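One structure is given below, encoded as structure tokens.
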There are 2 protein chains.
Amino acid sequence: MKKSAQTREHILQAAEKLFSEFGFDGTSLREITHEAGVNLASVNYHFGSKKGLIQAVMERYQRVFMPALQEELEFRVARGGISTESLLSCFVRPLTALEDVRADGAEVYLKLLGFAYSEIQGHLRRFTMNRFGSVIQDVFRLFVQANPHLTAETLFWRLHFALGTVLFAQVSAKALSEIARADFSDPTPENLMMQRLLPYIAAGISAPEMSLPETSMHKSEALS
Amino acid sequence: MKKSAQTREHILQAAEKLFSEFGFDGTSLREITHEAGVNLASVNYHFGSKKGLIQAVMERYQRVFMPALQEELEFRVARGGISTESLLSCFVRPLTALEDVRADGAEVYLKLLGFAYSEIQGHLRRFTMNRFGSVIQDVFRLFVQANPHLTAETLFWRLHFALGTVLFAQVSAKALSEIARADFSDPTPENLMMQRLLPYIAAGISAPEMSLPETSMHKSEALS
DNA sequence: ACAGAAATTAAACAGCTGTTTTAAACGTAA
DNA sequence: TTACGTTTAAAACAGCTGTTTAATTTCTGT
């Protein structure tokens with residue numbers, strides 16, 4: 001009951017590291033057990049299957065993150081003054097709390113969440129940039145021109161955020177539509193989702209420049 | 001030279017259909033050739049490899065979309081009055097032009113683009129909702145409370161957009177940071193990207209309700 | 001120290017993947 | 001029709017995947 005918990009932990013740490021870097025489909029059990037220095041079969045012995053390992057990895061983070069988030073939300077509700085920004089700030093402390101799980105816990109957890117929905121295809125991006133890079137540069141330059149109150153760096157990031165929003169929403173359009181139809185009896189078909197996307201993207205891109213680069217949005221001032 | 005082009009087209013159409021539905025990694029060459037009604041080896045014969053087939057599928061759409069986008073941008077620039085909304089509207093006509101490639105061309109192309117960056121993991125979403133669904137509902141309810149000028153349906157969608165933005169940006173954080181460093185010598189490290197994300201997300205979520213459900217944002221009024 | 005449970009190990013399993021091979025069938029120009 | 005280059009076809013290839021088996025070792029409670 002001591003050595004077993006040890007290899008269990010080694011497997012989990014190796015899986016966290018490799019999953020967050022290469023994704024779930026992109027990481028084999030052999031790579032994990034090799035990184036962990038344990039036998040291949042021990043994964044199935046301790047976690048039943050690869051899916052069981054994935055859920056065990058995620059659960060370690062969610063068991064820290066989710067209660068912390070709930071606590072933060074309740075605290076924010078108790079003192080009133082709810083705003084979008086204040087609600088978003090509620091995610092900060094739960095993320096930093098993930099350092100208890102791992103030194104770079106917040107980063108790993110978000111990447112795991114991201115890979116839970118997505119896996120990157122790198123060669124297509126290079127393929128597109130080599131062939132139509134000038135168009136992308138034009139788009140960028142025009143957006144800079146249209147937003148004189150923003151720096152080029154900020155717009156660079158926000159345009160990629162917008163790209164990510166559109167692509168992600170499009171990929172999950174089917175699932176989201178089903179949920180929306182169940183929760184709100186929302187008659188919005190999938191092909192009208194772009195009309196819902198546009199206001200969101202426009203406001204996000206043209207939003208005021210990012211606030212102070214200090215440690216704002218932290219809950220420390222809530223107790224002072 | 002006639003039968004060959006025929007199987008080539010069958011392969012491309014089957015690949016478009018299956019890729020856009022199950023992703024690139026999630027679709028095998030055997031599934032494609034079965035759907036197309038052709039022999040397995042014909043994919044390697046006509047496209048060299050699976051990667052070659054993927055690029056051929058994407059190229060068919062990009063060869064229509066990218067020039068149309070460039071044209072739309074030049075037209076918009078010529079008559080001035082550039083705004084974020086008007087620039088976003090420049091993407092509408094190029095997307096609808098993809099109907100020349102396929103009846104649901106715009107939808108397929110966006111899904112292909114989405115899968116180019118991501119592949120969905122469905123079971124993790126259900127796993128999270130079953131275990132921490134109440135927290136997610138609390139988050140949603142509070143966001144509704146914080147945005148009385150928006151309907152619940154709109155907020156449902158925008159919160160998922162925000163989730164998609166964060167996850168996507170986090171997954172591509174490394175690649176984006178490298179590009180930003182090369183283009184702007186941007187010293188922003190990866191861990192400061194969340195500070196860039198917050199203003200974007202906040203503005204997107206709290207943006208005014210979506211505009212008229214008619215055919216706004218189309219370039220037709222530009223000539224009137 | 002011993003018996004029994006728990007855990008590790010090496011090996012093989014069945015199934016899938018993209019790719020290659022070899023030969024047959026096809027289309028086309030002489 | 002004959003001959004030749006192109007295209008199709010069935011089969012096998014080598015490699016990877018997650019999983020299982022069976023034997024061995026290690027740990028633990030008495």
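Convention: sequence-line order gives letters A, B, ...; per-chain numbering from 1. Just so it is clear, the structure is predicted and the values come from calculations on it, not from any experiment.
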Given the rule that a pair is Watson-Crick or G-U wobble with both distances under 3.5 Å, how would you write DNA chain C in dot-bracket, using | for pairs to a different strand?
|||||||||||||.||.|||||||||||||

By nearest-heavy-atom nucleotide on DNA chain D, the more 5' of A:Ser28 and A:Gly48 is A:Ser28

What is the distance from CG of A:Leu18 to P of D:dT17, rounded to the nearest Å?
12 Å

Contacts of B:Lys50 meeting salt bridge (charged side-chain N to carboxylate O under 4.0 Å, His left out) (sequence neighbours excluded), chain-then-number -> none

Within the 4.5 Å heavy-atom criterion, are A:Arg63 and A:Glu59 side-chain neighbours or not?
yes

Non-neighbouring partners of B:Tyr61 that pass ring-ring contact (aromatic ring centres under 6.0 Å, His included), sequence neighbours left out
B:Tyr109

If I take atom CD1 from residue A:Ile32 and atom CD from residue A:Glu16, how far apart are they, to the nearest 0.5 angstrom?
10.5 Å

Please determine whether a side-chain nitrogen or oxygen atom of B:His46 lies at a distance below 4.0 Å from atom OP1 or OP2 of D:dT6.
no

Separation of D:dT6 C1' from B:Gln6 CD (nearest whole Å)
15 Å

Check the distance between C:dG18's P and B:Lys50's NZ and give it to me in whole angstrom.
4 Å

Need to verify one output field. Residue with the more 5' nearest nucleotide on DNA chain D, A:Tyr45 or A:Glu31?
A:Glu31

Quick one: what's the B/S/- string for nucleotides 9-15 of chain C, heavy-atom cutoff under 4.0 Å, read 5' to 3'?
BB-B---

Rounding to an integer number of Å, can you tell me how far B:Asn44 CG sits from C:dT19 P?
5 Å

Hey, does A:Thr33 reach any base, or is it just sugar-phosphate, or nothing, if we go heavy atoms under 4.0 Å?
nothing

Any side-chain heavy-atom pair from B:Ile201 and B:Phe161 closer than 4.5 angstrom?
no

Measure the spacing between CD1 of B:Ile11 and CD of B:Glu9 and express it to the nearest 0.5 Å.
10.0 Å

In whole Å, what is the span from the CG atom of A:Asp25 to the C1' atom of C:dC16?
14 Å

Under 3.5 Å donor-acceptor pairs involving side-chain atoms of residues 35-43 of chain A, not counting sequence neighbours:
unit_1: A:Glu35; atom_1: OE2; unit_2: A:Lys17; atom_2: NZ; d: 3.0
unit_1: A:Asn39; atom_1: OD1; unit_2: A:Ala41; atom_2: N; d: 2.9
unit_1: A:Ser42; atom_1: OG; unit_2: A:Asn39; atom_2: O; d: 2.4

Under 4.0 Å between a side-chain N or O of B:Thr7 and OP1 or OP2 of D:dT8?
yes

A:Arg158 (side chain) donor-acceptor with A:Ala207 (main chain) under 3.5 angstrom:
yes

Rounded distance in Å - CD1 (A:Ile54) to P (D:dT19):
10 Å

In whole angstroms, the gap separating P of D:dT17 from NE2 of A:His34 amounts to 13 Å

Expressed as a whole number of angstroms, how long is the span from A:Leu29:CG to D:dT20:P?
12 Å

Non-neighbouring partners of A:Asp104 that pass side chain to side chain contact (heavy atoms under 4.5 Å, CB included), sequence neighbours left out
A:Arg102, A:Glu107, A:Val108

